Amino acid sequence: LVPWCHIFGLLFSFLVPLRGGGVLDLRAGISPRALLENAAAGDLDLVVAVPAIYRAFVRQLEGGTVGGGPIRCRFVSSGAPLPAGLRRRFTELTGQPISDFYGSTEAGGVAFRHDDGPWRVEPHVQVRVEGDGQLWARSPSVSTVPAGEFLATGDLVRLSGDRFELLGRADDVVKIG
């Protein structure tokens, strides 16, 4: 559900299953309903999607059109902020939480969270905040600056230890998913 040209898609739709001995489902055009039915049938261990797909899942589940038993797989989101209400409703309907990952193609994975609280910085990443509150990240995954240097993410944050809250953008980029 996430293209491999996006770091999130490459990591969670390809590299994680490959490294973990998993099987990739490469069918084109699978519908949200079919995906949920596969999850309910126990055919899936991990679903990787952007928030727009989770909105489609909720519509299907609320419409009562998804057959099968209880859904028992892991769900991961990234690519754009996951609205708190969407996360809560999906969990109410499925009993499953959504793990949320923050990062970019240039920086790789930077942080994660399993609820609507602050983001937790990944162990291999160092972050700092500069002047206007902009988050800068350094990790082995950063690809657009010389090794060991920090990358400006373009996001404004409030940092406390190894956790931060996203406050907005430092530039005019609008992220949608």
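All values derive from a computational prediction rather than experimental measurement. FYI, side chains are in, hydrogens and waters are out, and symmetry mates aren't considered; it's all heavy atoms of this structure.
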Please find the pair of heavy atoms, one from [X] and one from [Y], that lie closest to each other, and give the distance.
X: S104; Y: A107; result: OG-N, 3.0 Å
X: G109; Y: H124; result: O-NE2, 3.7 Å
X: P32; Y: Q60; result: CB-CG, 4.4 Å
X: Q134; Y: A152; result: OE1-CB, 3.3 Å
X: C73; Y: L44; result: CB-O, 3.2 Å

Pairing residues for H114 by the ring-ring contact (aromatic ring centres under 6.0 Å, His included) criterion, not counting sequence neighbours: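 ring-ring contact (aromatic ring centres under 6.0 Å, His included) check on H114 returns F112.
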
Residues that F150 engages under ring-ring contact (aromatic ring centres under 6.0 Å, His included), provided they are two or more places apart: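 Once residues adjacent in sequence are excluded, F150 has no partner under the ring-ring contact (aromatic ring centres under 6.0 Å, His included) criterion.
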
Cluster overlap L151 with W136, hydrophobic side-chain contacts below 4.5 Å: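 No, because L151 and W136 fall into different hydrophobic clusters, even though each may have its own neighbours under 4.5 Å.
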
Side chain to side chain contact (heavy atoms under 4.5 Å, CB included) evaluation trace for V76 with V47: CA-CA 6 Å; V76 176; V47 173; over 6 Å; no

With sequence neighbours left out, what residues match [X] under side-chain contact (heavy atoms from CB on, under 4.5 Å)?
X: D45; answer: none
X: A40; answer: I71
X: P83; answer: P51, R55, L86
X: S31; answer: R33, A34

Nearest-0.5 Å distance that lies between atom [atom1] in [X] and atom [atom2] in [Y]:
X: L166; Y: D155; atom1: CG; atom2: CG; answer: 5.5 Å
X: E130; Y: L135; atom1: CD; atom2: CG; answer: 10.0 Å
X: L156; Y: F164; atom1: CG; atom2: CZ; answer: 12.0 Å
X: S77; Y: L82; atom1: OG; atom2: CG; answer: 4.5 Å
X: W119; Y: D162; atom1: CH2; atom2: CG; answer: 14.0 Å

Looking at residues at least two apart in the chain, or sitting in another chain, which of them share a salt bridge (Lys or Arg N to Asp or Glu O under 4.0 Å) with [X]?
X: R138; result: none
X: R88; result: D116
X: E62; result: R89

Flag, side chain of Y102 to backbone of V121, donor-acceptor distance under 3.5 Å: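 Side chain of Y102 to backbone of V121: no pair is present.
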
Side-chain donor or acceptor of S139 paired with backbone N/O of V125 under 3.5 Å: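 Answer holds: no.
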
More than 12 heavy atoms from other groups under 6.0 Å of CZ on R72: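 Open: at most 12 neighbouring heavy atoms sit under 6.0 Å from CZ of R72.
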
Test side-chain hydrogen bond (donor to acceptor under 3.5 Å, both in side chains) applied to R158 - qualifying residues, sequence neighbours left out: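 If we apply the side-chain hydrogen bond (donor to acceptor under 3.5 Å, both in side chains) test to R158, skipping adjacent residues, the hits are E165.
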
Validation row: T153, V127 side chains within 4.5 angstrom (heavy atoms):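 T153 vs V127: side chains apart.
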
Salt bridge (charged side-chain N to carboxylate O under 4.0 Å, His left out) partners of residues 96-109, not counting sequence neighbours, each pair once: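 Residue pairs with at least one partner in residues 96-109: R87-D100, D100-R113.
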
Pairs satisfying salt bridge (charged side-chain N to carboxylate O under 4.0 Å, His left out), at least one member in residues 73-82, at least two apart: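 Every pair satisfying salt bridge (charged side-chain N to carboxylate O under 4.0 Å, His left out) with a residue in residues 73-82: there are none.
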
Stepwise side chain to side chain contact (heavy atoms under 4.5 Å, CB included) check, F57 with L35: CA-CA 9 Å; F57 287 162; L35 196 69; 3.3 Å; yes

